[in-house]
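Before any comments, here is the structure.
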Amino acid sequence: LPEQEGRVNLRSLMDELGKREVLSVLLEGGATLNASALKAGIIDKFIFFLAPKIIGGSSAPGPFGGAGFQNLRDAFLIAGLSCTKIGEDLMITGYPARSR
């Protein structure tokens with residue numbers, strides 16, 4: 001598959017998986033993969049897990065890395081939110097809705 005900035009081009013990967021009739025992909029990675037998937041526009045659904053633990057620290061990574069958005073009006077919105085308690089954790093589900 002073609003590379004993009006030294007990494008797999010995620011759009012090309014999704015195209016190839018579609019040709020192989022793969023209908024669903026779980027991306028379980030860190031902030032870099034999450035930011036790349038968001039930038040590539042390949043996310044159809046978000047599932048976040050929130051544990052009742054605070055780790056903190058100024059160097060603690062967030063769920064999305066990359067450059068982020070300079071203006072709040074350009075940020076991605078998450079629509080159709082639902083929340084389910086699973087054990088002590090919360091599972092928050094939503095769908096991308098681009099703001100304008």
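- Rounded to the nearest 0.5 Å, atoms CG (Leu26) and CD (Glu28) are 5.5 Å apart.
- Proximity of Ser82 to Ile92: side-chain heavy atoms (C-beta onward) are nowhere separated by under 4.5 Å.
- With sequence neighbours excluded, the residues satisfying side-chain hydrogen bond (donor to acceptor under 3.5 Å, both in side chains) with Asn9 are Gln4, Ser12.
- Note: the hydrophobic cluster containing Phe48 also contains Leu81 (ILVMFWY, side chain heavy atoms under 4.5 Å, direct or indirect links).
- Residues Glu88 and Pro52 approach most closely at O-CD, 3.4 Å, considering heavy atoms.
- If you chain together hydrophobic residues whose side chains sit under 4.5 Å apart, Ile78 and Phe69 fall into the same group.
- Listed by chain and number, the hydrophobic cluster partners of Leu27 are Leu1, Val8, Leu10, Leu13, Met14, Leu17, Val22, Val25, Leu33, Ile42, where partners are ILVMFWY side chains within reach of under 4.5 Å, directly or through others.
- Contact detail for Ala35 and Gly65: the closest heavy-atom pair is CB-O, 3.2 Å.
- Residues Lys45 and Pro96 come closest through the heavy atom pair N-CD, 4.1 Å.
- Take Arg7 and apply the side-chain hydrogen bond (donor to acceptor under 3.5 Å, both in side chains) test, not counting sequence neighbours, and it matches no residue.
- Here CG of Asp15 is found 7.5 Å from CZ of Arg11. Values are rounded to the nearest 0.5 Å.
- More than 12 heavy atoms of other shown residues, nucleotides or ligands fall within 6.0 angstrom of atom CD1 in Ile86.
- Heavy atoms only, all atoms of each residue included: Asn34 and Gly29 are closest at ND2-O, 3.9 Å.
- Counting heavy atoms from C-beta on, the side chains of Phe46 and Thr93 never come closer than 4.5 Å.
- Cluster annotation: Leu38 and Tyr95 are assigned to distinct hydrophobic clusters (Ile/Leu/Val/Met/Phe/Trp/Tyr, side-chain heavy-atom contacts under 4.5 Å, transitive).
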